[in-house]
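Following: one structure in structure tokens, then a few remarks.
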Amino acid sequence: MAVPLLGTRIPCYLFESEQAAAGYVARLIAHLIQERKAVGRRAVLGLMAGSALTGVYRELVRLHREEGLDFSSVVVFNLEEFHGLDERRLQHYGRWLREVFLSHVNIRPENVHLLDGSLPAEQVEEFCYRYEEKIERMGGFDFLLLTIGRNGRIAGNEPFAVESSRTRLAVLDPITRRECAADFFHEEHVPIQKITVGIETILAARQVAVIAYGEEYARVIRAALEEPVTNAVPASFLQGHKDAAFYLDEAAASRLTAVATPWLLHNVVWNDDMIKRAVLWLCQRTGKALLKLDGEDFRNHNLHQLLRHHGPAARLAHRVFRQLMETIQYHPAGRQPCRVLIFSPHPDDDVISMGGTMIRLVEDGHEVHVAYMVSGNIAVYDHDAAQLADLVREVNRRFGIDEQKSADLEAKVHQSLLAKEPGQPDDPVVLELKALIRWSEAKAAAAVCGVREENLHFLDLPFYRTGTVAKRPPGEEDVAVVRQCIEKVAPAQVYVAGDLSDPHGTHRVCARLIFEALRQIELQTGSRPDVLLYRGAWEEWAPHQIDIAVPLSPRDLNLKKQAIFRHESQKDTALFPGPDDPREFWQRAEERNRQTAEQFNQFGLPEYFALEAFRRWDGRVI
């Protein structure tokens with residue numbers, strides 16, 4: 001169900017899940033197509049490529065196949081394309097649109113108009129002029145489907161683009177190039193320019209839908225929807241559009257006033273969660289510890305209603321203080337030995353996100369298992385694979401182990417790497433070597449935490465095995481592998497990556513697979529393990545969201561750091577560090593754990609050296 005949010009300058013709708021948002025927007029497009037067809041008119045769509053829009057395109061394909069949605073009168077234009085790429089390249093947006101959507105519906109080839117990124121620079125201006133002419137000849141856009149960049153861009157319109165701009169060649173912002181680095185296997189391979197429709201072209205469309213999922217967009221969403229129009233955030237220009245709307249999940253909307261501080265807009269239902277959130281927010285606004293808050297603090301910050309119905313101030317402060325104190329758990333799985341299963345989407349998420357807790361669980365006598373869900377092989381540099389091939393040859397030579405086969409392996413690896421063009425996927429042999437690197441690092445890191453080798457499970461889920469950042473749609477085969485692992489281990493407690501802001505969406509996919517497997521188990525058996533969600537390299541739980549906080553000593557944090565160091569292929573300069581944080585993963589983890597402890601200290605709780613935070617899963621599928 002779409003929940004409209006108050007307080008935004010552009011209409012904004014909140015959804016429980018990506019699937020719900022995608023289904024809603026797909027139905028908007030389907031209704032438009034049917035409405036135009038009923039009066040004998042074509043529907044002119046402007047489309048973008050990107051993982052955030054995959055759900056919309058899949059639902060449109062389903063509507064075509066199962067409900068007869070007819071695309072024969074639909075005209076499509078794509079809205080951006082890398083300059084210097086043709087359709088042979090995997091990163092080509094037009095190719096992506098064809099493979100994910102256009103080739104699966106009955107749209108006529110002559111009705112598909114794609115930007116040509118392969119043109120020489122001197123021909124681009126004329127092409128762009130003709131492209132605008134085509135759009136105008138078709139009567140303009142009826143519907144635009146957009147995403148937003150972390151820097152506020154829409155289509156290829158980067159910060160400080162001109163509002164009156166039309167289709168043109170534009171230079172990519174550094175943040176955009178970092179965002180695109182994953183698709184090209186390194187930032188240096190990302191083209192420096194895009195051909196894009198302009199802001200004026202976008203604003204001329206009759207209807208605009210912008211989709212965003214994940215906390216990494218929350219800050220720019222707030223800027224675009226609640227702050228004044230500025231060319232520093234091109235998406236804010238949509239405030240002047242008569243029929244534009246944003247469609248968000250809870251994470252992307254998390255910084256909007258209606259979600260973060262709804263009591264500033266309207267009366268709210270003061271349940272335990274809302275009270276905790278408001279009182280902790282008040283501490284942060286006033287700079288006071290919980291037990292130092294007074295009635296004036298509540299009255300001065302629009303919390304009269306809370307004070308009136310649940311006060312006085314001292315009672316409210318003590319209530320939240322006790323709740324926070326109860327989150328402190330030195331023994332997160334209890335003192336009675338049990339089995340614990342930690343799901344790690346990538347081979348290093350376990351130690352980055354909860355390495356200190358892993359050490360505590362082992363020392364408490366629990367049987368700790370770790371399930372690594374994907375190989376992580378695309379995140380290994382070519383030189384690491386070449387180095388391993390060299391090592392294998394030399395080891396075999398020195399110990400007399402089939403020297404010819406190892407020499408053949410080394411030659412094949414080097415030839416493959418030399419022949420590979422920037423941004424191309426690896427040969428299967430190279431991918432296997434890279435997977436072995438991540439496998440050996442995961443084993444070494446787990447050993448630092450005290451986890452036994454026989455308790456490590458390398459699931460290598462099918463959806464990930466493409467050798468590229470773009471993955472296959474996850475399916476029942478993936479769920480079956482996850483479920484089999486859970487049933488084999490039979491854990492009393494399960495840990496899942498709830499950090500849904502990783503750059504490629506792998507955490508989100510893996511979490512859904514685990515939740516579906518747990519749902520099936522609960523339906524069959526009537527029960528499921530206790531499930532705790534951790535975060536790590538990208539985001540941390542907000543204080544009001546934390547259900548369990550595990551204190552770490554300097555020794556714990558140092559051991560955790562040593563475990564992270566075992567992932568040598570990800571150290572110093574990781575291949576995919578994310579667009580907004582150049583620090584190494586161990587630095588992010590250490591600072592985040594220290595900051596969480598500092599926040600608790602500022603609330604007036606005992607002063608801890610570091611804390612790892614967890615939230616209980618509420619049973620919802622994200």
Side-chain angles (χ1 to χ4, degrees), residues 42 44-50 75-98 102 109-149 151-177 179-180 183-184 187-206 208 230-238 240-241 421-423:
R42 57 190 166 223
V44 183
L45 309 180
L47 304 180
M48 287 181 64
V75 177
V76 164
F77 290 83
N78 77 326
L79 304 180
E80 61 173 349
E81 187 59 79
F82 289 107
H83 184 241
L85 262 61
D86 58 36
E87 283 207 43
R88 292 174 297 176
R89 296 288 297 275
L90 291 173
Q91 301 86 355
H92 190 272
Y93 288 144
R95 171 178 174 165
W96 189 95
L97 278 171
R98 288 190 193 279
L102 298 174
E110 64 269 23
N111 285 346
V112 175
H113 307 281
L114 301 179
L115 293 165
D116 189 351
S118 65
L119 288 173
E122 61 272 15
Q123 296 180 22
V124 170
E125 185 176 354
E126 176 67 16
F127 173 84
C128 292
Y129 179 79
R130 299 301 176 195
Y131 203 74
E132 284 283 345
E133 277 191 334
K134 284 182 188 177
I135 296 169
E136 188 175 347
R137 204 161 51 242
M138 294 295 169
F141 288 122
D142 293 308
F143 193 102
L144 292 187
L145 183 59
L146 303 176
T147 58
I148 184 172
N151 55 4
R153 72 181 182 280
I154 44 175
N157 296 284
E158 303 286 357
F160 305 105
V162 178
E163 184 178 3
S164 60
S165 59
R166 289 284 183 172
T167 303
R168 70 200 185 284
L169 190 63
V171 176
L172 271 65
D173 183 74
I175 291 176
T176 300
R177 295 193 75 227
E179 275 192 68
C180 296
D183 293 330
F184 288 85
E187 185 180 339
E188 67 183 24
H189 301 150
V190 180
I192 61 173
Q193 292 177 306
K194 278 182 181 178
I195 303 176
T196 179
V197 299
I199 293 173
E200 188 172 315
T201 313
I202 290 171
L203 295 178
R206 282 176 275 280
V208 179
T230 170
N231 61 2
V233 182
S236 67
F237 285 122
L238 291 171
H241 195 282
E421 293 183 15

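Keep in mind that what you see is a predicted model, and the values were worked out from it rather than measured.
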Can you check whether [X] reaches [Y] side chain to side chain, under 4.5 Å on heavy atoms?
X	Y	answer
E158	T196	no
E163	N231	no
F184	R89	yes
N78	L47	no
I195	R168	no
L45	L145	no
I202	N157	yes

For residues [X] and [Y], report the shortest heavy-atom separation together with the two atoms involved.
X	Y	result
P159	A232	CB-O, 3.5 Å
I199	V162	CD1-O, 3.8 Å
P234	I154	O-CD1, 3.8 Å
F237	A161	CE1-O, 4.1 Å
W96	A49	CE3-CB, 3.3 Å
E87	H92	CG-CE1, 3.2 Å

Gap separating the [atom1] atom of [X] from the [atom2] atom of [Y], nearest 0.5 angstrom:
X	Y	atom1	atom2	result
Q91	E81	CD	CD	10.5 Å
L203	H241	CG	NE2	6.5 Å
F82	L115	CZ	CG	12.5 Å
I135	T167	CD1	OG1	4.5 Å
L79	L114	CG	CG	10.5 Å
N111	R42	CG	CZ	8.0 Å

Salt-bridged, R153 to E179, with N to O below 4.0 Å?
yes
Which is it for I192 and L172 under the side-chain contact (heavy atoms from CB on, under 4.5 Å) test, yes or no, and what are the steps along the way?
CA-CA 5 Å; I192 61 173; L172 271 65; 5.8 Å; no
For atom CD of Q123, decide whether the heavy atoms of other residues, nucleotides or ligands shown that lie under 6.0 angstrom number more than 12.
yes
More than 12 heavy atoms of other residues, nucleotides or ligands under 6.0 Å from CD of E136: yes or no?
no
What do the steps show when you test Y93 against L97 for side-chain contact (heavy atoms from CB on, under 4.5 Å), and what is the final call?
CA-CA 6 Å; Y93 288 144; L97 278 171; 5.7 Å; no
Taking the six-membered ring for Trp, are F77 and H113 parallel (under 30°), tilted (30 to 60°) or perpendicular (over 60°)?
parallel
Given R166 and E200, is the salt bridge (charged side-chain N to carboxylate O under 4.0 Å, His left out) satisfied, shown in steps?
CA-CA 6 Å; R166 289 284 183 172; E200 188 172 315; 3.1 Å; yes
Step-by-step side-chain contact (heavy atoms from CB on, under 4.5 Å) determination, T201 to F141
CA-CA 9 Å; T201 313; F141 288 122; 3.9 Å; yes
Just by modelled atom types, is the L169 backbone N or O under 3.5 Å from a matching donor or acceptor in the Q193 side chain?
no
